[in-house]
Amino acid sequence: MKLLLDTHLLLWAAGVPNQLSSEARELIECTDNELFFSAVSLWEIAIKRGLNRADFSVDARVLRRELLDNDYQELVITSKHVVSIDSLPPYHKDPFDRLLVAQVTVEGMLLLTADRLLGKYPGPIRCI
């Protein structure tokens, strides 16, 4: 299964794995699953780190390298992803999260998230 981790799960998996639920750890550690991170998440981290948000203190460049070194695949942002946002109901106002939802919908992946608001969207999303 192709799994896209949302930004917080990426940060937790890379820096504070004890924050992950047991279900999240199981899915991430299962060798049958393909793990992906989105350029959206790195963009969000870079912006929020620049705003001095304490929960986004990691350097996006370093995180990207670590993810690639640990067999995560990068999902780029395409215009098809961007234009798909307009069909999403307005459950969530965060543009980064809305773009992640559009990406998994277009790409047929499963989005893993701890954000209950994202779980309201129809489609391939699992709140863990």
Side-chain angles (χ1 to χ4, degrees):
M1 179 173 11
K2 292 181 177 184
L3 304 177
L4 179 65
L5 278 66
D6 80 353
T7 306
H8 279 98
L9 288 182
L10 281 175
L11 289 170
W12 295 341
V16 281
N18 59 328
Q19 291 275 54
L20 294 169
S21 68
S22 58
E23 182 183 2
R25 276 193 302 276
E26 253 179 60
L27 288 166
I28 291 169
E29 292 171 1
C30 178
T31 57
D32 292 336
N33 292 331
E34 293 178 71
L35 301 175
F36 288 81
F37 68 94
S38 175
V40 173
S41 292
L42 296 180
W43 179 25
E44 179 178 15
I45 291 165
I47 287 174
K48 291 181 178 177
R49 181 175 189 230
L51 296 172
N52 295 318
R53 288 259 314 254
D55 53 339
F56 289 89
S57 61
V58 68
D59 184 323
R61 287 176 196 82
V62 172
L63 179 60
R64 179 180 183 273
R65 182 75 269 150
E66 288 174 358
L67 291 168
L68 291 170
D69 288 347
N70 284 286
D71 299 321
Y72 282 74
Q73 297 175 56
E74 185 171 2
L75 179 60
V76 299
I77 302 166
T78 68
S79 57
K80 190 172 183 179
H81 299 148
V82 173
V83 299
S84 295
I85 291 172
D86 70 353
S87 64
L88 296 176
Y91 300 139
H92 208 298
K93 303 226 184 288
D94 186 314
F96 301 110
D97 288 334
R98 290 175 57 82
L99 189 48
L100 291 173
V101 171
Q103 284 186 301
V104 295
T105 302
V106 168
E107 300 298 330
M109 298 175 151
L110 178 64
L111 177 63
L112 299 181
T113 184
D115 186 336
R116 297 286 173 223
L117 273 178
L118 286 179
K120 288 185 171 187
Y121 285 102
I125 301 166
R126 185 178 302 171
C127 289
I128 52 175

Subject >> pair Ile28-Tyr72: side-chain heavy atoms closer than 4.5 Å >> reply: yes
**OP:** Look at the side-chain heavy atoms of Ile, Leu, Val, Met, Phe, Trp and Tyr, link any pair under 4.5 Å apart, and say whether Leu42 and Leu112 land in one connected group.
**Re:** yes
**OP:** Kindly give the heavy-atom pair with the smallest separation between Asp115 and Thr113, and that separation in Å.
**Re:** N-OG1, 2.9 Å
Original post:
Mind checking whether Phe37 and Glu74 have side chains closer than 4.5 Å, heavy atoms only?
Top reply: yes
Original post:
Tell me, do Leu111 and Pro124 make a side-chain contact under 4.5 Å, heavy atoms counted?
Top reply: no
**OP:** Drop me the distance from Glu26's CD to Asn33's CG, to the nearest 0.5 angstrom.
**Re:** 10.5 Å
Original post:
Nearest heavy-atom pair of Tyr121 and Pro90: which atoms, and what distance?
Top reply: OH-C, 4.3 Å
**OP:** Group every Ile, Leu, Val, Met, Phe, Trp and Tyr by side-chain heavy-atom contacts under 4.5 Å, then state whether Leu67 and Val16 land in the same group.
**Re:** yes
Subject >> Nearest atoms (heavy-atom pairs only) where Arg98 meets Leu88 >> reply: O-CD1, 3.4 Å
**OP:** Would you check if the side chain of Tyr91 reaches a backbone N or O of Leu118 as a donor-acceptor pair within less than 3.5 Å?
**Re:** no
**OP:** Identify whether Met109 and Val40 are in the same connected component of the hydrophobic contact network (ILVMFWY, side-chain heavy atoms under 4.5 Å).
**Re:** yes
Original post:
Taking a hydrophobic cluster as the set of Ile, Leu, Val, Met, Phe, Trp and Tyr residues connected by side-chain heavy atoms closer than 4.5 Å, whether directly or through intermediates, do Phe96 and Phe36 fall within one such cluster?
Top reply: yes
Original post:
Roughly how far, to the nearest 0.5 Å, is SG of Cys127 from CG of Asp6?
Top reply: 9.0 Å
Original post:
Should we say atom CZ of Arg61 is surrounded by more than 12 heavy atoms from elsewhere, each under 6.0 Å from it?
Top reply: no
**OP:** Could you grab the distance from atom CG of Leu63 to atom CZ of Phe56, nearest 0.5 Å is fine?
**Re:** 11.0 Å
**OP:** Could you pull out the closest heavy-atom pair between Val76 and Gln103, with the gap in Å?
**Re:** O-NE2, 3.1 Å
Original post:
Are Arg49 and Asp59 close enough that some pair of their side-chain heavy atoms sits under 4.5 Å apart?
Top reply: yes
**OP:** Start with the C-alpha distance between Asp97 and Val101, add both sets of side-chain angles, then the distance that settles side-chain contact (heavy atoms from CB on, under 4.5 Å), and finish with yes or no.
**Re:** CA-CA 6 Å; Asp97 288 334; Val101 171; 5.7 Å; no
Original post:
Atom CG of Leu100 and atom OG1 of Thr7: how far apart are they, to the nearest 0.5 Å?
Top reply: 5.5 Å
Subject >> Interatomic spacing from CG in Leu4 to CD in Gln73 - rounded to 0.5 Å >> reply: 11.0 Å
Subject >> Rounded distance (nearest 0.5 Å) linking atom OG of Ser57 with atom CG of Asn52 >> reply: 10.5 Å
Original post:
Checking Arg126 side chain against Leu110 main chain: does a donor-acceptor pair fall under 3.5 Å?
Top reply: no
Original post:
Closest approach of Ile128 and Arg116, non-hydrogen atoms and distance?
Top reply: N-NH1, 4.3 Å
Original post:
Would His8 and Gln19 satisfy side chain to side chain donor-acceptor pair (under 3.5 Å), going step by step from the backbone distance to the final call?
Top reply: CA-CA 10 Å; His8 279 98; Gln19 291 275 54; over 6 Å; no
Subject >> Same cluster (ILVMFWY, side-chain, under 4.5 Å), Leu99 and Leu117 >> reply: no
Original post:
Stepwise, does the side chain to side chain donor-acceptor pair (under 3.5 Å) test hold for Ser84 with His81?
Top reply: CA-CA 5 Å; Ser84 295; His81 299 148; over 6 Å; no
Original post:
Is there a donor-acceptor pair closer than 3.5 Å between any side-chain N or O of Arg53 and the backbone N or O of Ile45?
Top reply: no
Original post:
How close do Lys48 and Asp94 get, heavy atom to heavy atom, and via which atoms?
Top reply: NZ-OD2, 3.8 Å
